[in-house]
Amino acid sequence: MARNDLPPDPKGSEITSQEAYKYRRTFLKQAGLFAGTSALWGGGLIALSSRGQADPPPAPPPVPRADSVSGDAWKNVRRPTPYDTSEDKTAFDDVTTYNNFYELGLGKADPARNAETLKPRPWTVKIGGEVEKSVEVDVDELTKRFGLEERIYRMRCVEAWSMVIPWVGFPLAKLVKWARPTSRAKFVLMKTLFDPEQLPGQRRSVLDWPYVEGLRIDEAVNPLTLMAVGLYGAPLLGQNGAPLRLVVPWKYGFKGVKSITQIWFTDRMPRNTWRVANGREYGFYANVNPEVPHPRWSQATERRIGTVGRIDTQMFNGYGEYVADMYAGMDLKKNF
Ligand SMILES: Nc1nc2c(c(=O)[nH]1)N[C@H]1C(S)=C(S)[C@@H](COP(=O)(O)O)O[C@H]1N2
Ligand SMILES: [Mo]
């Protein structure tokens, strides 16, 4: 356990010291590393005050990390990339307390409150189906192998709200290449952990568990498609889908399956969870499209969390230059 190889401090503009402080507390608690009498701060221990509470360190603390998180990958997060938006980022507090993760509760504030049952490490991912050889691999082995980069993306939920999130992750294309899919692989399917002890919402049949999502192979290897392991420069918290979740910025947020334990290559279009639940309202493609209303509301505008009023929703969430070609000749009203 190398406790000193912390990731670099994020730029001041990326995370405030107050945010880093709160994040560190929450993360260490969730990772089971928040000891009763002392806490680990940037590789050193800080003393307890007479009231038995940890004094905050005088300098802005470095961002948190789990002992098991590969230090090298986190020290060398590549940024910026050509894919970043320069729009204002959504506040860290909003990104981590306004969530959809039904396995941890149905209300927006529930996942943050309930995330402690989810234990993101150790964590292995099974990769199989139409591949030359199936493997089971530790999530930190994946980040070590593929390296990490920051991607500041818009995220547009099908419920017509949106955020701007600085993710940390690796392109799914790298994993697909490494997995060596056979020529029969036309789609890739991903599943959330199934464990009602860690994800108690799975005891109620609001959706078909485990949560499943999928992409066409060309979508999976598009340079925008990210496997996220962190945000705001630090490992993901449970509510955001720790330790590994999918991010597909030109699609509605529900494509971004959280807390992934299985990646499966198939010749058939995956039966993704929300389409199974209600195929009239949710499709497979789920490309952001202001011209295709949801049966119960318009998709023409959106509410950017943390701002007042509404903004226009963009075709492909503004990523058309990178993705429109993949859908040439397709009827996007039919293939919603
Ligand atoms: N396993 C799982 N993944 C999920 C969901 C969920 O309920 N369960 N909700 C989806 C929806 S609707 C959205 S908008 C995003 C929200 O991601 P965030 O909470 O990290 O912003 O996660 C998606 N991934
Ligand atoms: Mo969503």
Side-chain angles (χ1 to χ4, degrees), residues 23 26 89-115 117-118 120 123 125 151-169 189-196 198-202 204-215 226-232 234-263 270 272-278 281-283 286-288 294 296-297 299 302-306 313 317:
Y23 192 111
T26 316
K89 287 179 279 246
T90 302
F92 173 83
D93 275 358
D94 288 332
V95 177
T96 54
T97 59
Y98 186 92
N99 300 100
N100 275 332
F101 196 169
Y102 278 17
E103 293 91 326
L104 293 172
L106 305 184
K108 292 286 183 280
D110 292 338
R113 278 196 215 112
N114 299 332
T117 53
L118 175 59
W123 190 279
V125 183
R151 298 286 185 95
I152 307 170
Y153 284 159
R154 291 177 287 277
M155 184 180 78
R156 170 61 158 81
C157 175
V158 75
E159 298 162 337
W161 53 265
S162 66
M163 298 190 183
V164 173
I165 304 177
W167 300 106
V168 177
L189 171 165
M190 300 186 196
K191 291 186 190 177
T192 295
L193 168 74
F194 181 74
D195 180 354
Q198 294 192 59
L199 297 172
Q202 291 174 336
R204 300 201 290 157
S205 47
V206 273
L207 289 172
D208 240 2
W209 311 117
Y211 195 99
V212 172
E213 260 308 336
L215 297 169
L226 195 72
M227 295 299 282
V229 296
L231 58 80
Y232 269 104
L236 287 175
L237 296 176
Q239 57 265 41
N240 294 108
L244 181 71
R245 61 88 61 82
L246 178 64
V247 175
V248 198
W250 71 96
K251 293 178 180 285
Y252 290 120
F254 72 81
K255 296 299 285 183
V257 45
K258 294 179 169 180
S259 305
I260 296 164
T261 55
Q262 285 188 51
I263 301 178
N272 51 308
T273 295
W274 276 104
R275 188 161 62 103
V276 169
N278 188 342
E281 299 192 354
Y282 308 99
N287 290 318
V288 174
H294 184 279
R296 290 182 281 135
W297 58 83
Q299 294 290 26
E302 66 200 51
R303 185 168 59 92
R304 178 66 52 86
I305 300 297
T313 290
N317 204 22

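Note: hydrogens, waters and symmetry copies are ignored here, and every other heavy atom, side chains too, is used. If you're wondering where the values come from, they're calculated on a predicted model, not measured in any experiment. Read the numbers this way: they start at 1 and go in the same order the structure lists the ligands and their atoms.
Near C157, meaning under 4.0 Å from one of its heavy atoms, ligand 1 places the atoms 14 (S).
Here CG of L104 is found 12.0 Å from CZ of R113. Values are rounded to the nearest 0.5 Å.
Remark: side-chain polar atoms of K191 are not paired, donor with acceptor, to backbone N or O of I263 under 3.5 angstrom. R304 places no side-chain N or O within donor-acceptor distance of the main-chain N or O of T90, the cut-off being under 3.5 Å. Side chain of W123 to main chain of I260: a donor-acceptor pair is present (N/O by atom type, distance under 3.5 Å, no hydrogens or angles). A donor-acceptor pair under 3.5 Å links the side-chain atoms of Q299 to the main chain of V158, judged by distance alone. Panel note: side chain K251, backbone G256; no donor-acceptor pair is recorded below 3.5 Å.
By the 3.5 Å distance cut-off applied to N or O atoms, N240 is counted among the residues near ligand 1. For ligand 1, the polar-atom distance check against T192 finds a nitrogen or oxygen pair separated by under 3.5 Å. Of the polar atoms of W161, none of the N or O atoms is found under 3.5 Å from an N or O of ligand 1, judged by distance alone.
When Y252, Y211, F101 are checked for heavy-atom proximity to atom 4 (C) of ligand 1, Y211 turns out nearest.
At least one heavy atom of G256 sits less than 4.0 Å from an atom of ligand 1. In this structure, M155 has a heavy atom closer than 4.0 Å to ligand 1.
For atom 15 (C) of ligand 1, the closest non-hydrogen atom of the protein is G253 O, 3.5 Å. When hydrogens are left out, the protein atom nearest atom 18 (P) of ligand 1 is K258 NZ, 3.3 Å; that is the closest non-hydrogen contact. Of the protein's non-hydrogen atoms, the one nearest atom 5 (C) of ligand 1 is N100 O, 3.5 Å. The protein atom (non-hydrogen) at minimum distance from atom 17 (O) of ligand 1 is R245 NH2, 3.0 Å. For atom 7 (O) of ligand 1, the closest non-hydrogen atom on the protein side is Y102 N, 2.9 Å.
Judged purely by distance below 3.5 Å, without hydrogens or angles, the side chains of N99 and K108 never pair a donor atom with an acceptor atom.
Contacts with ligand 1 closer than 4.0 Å are made by side-chain heavy atoms of E103 only, the backbone lying farther away.
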Given the rule in the side chain to side chain contact (heavy atoms under 4.5 Å, CB included) test, do W274 and V276 qualify, once you have shown the distances and angles that lead to the verdict? CA-CA 5 Å; W274 276 104; V276 169; over 6 Å; no

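Across T313, I165, V288, V164, a single residue satisfies side chain to side chain contact (heavy atoms under 4.5 Å, CB included) together with R154, and that is V164.
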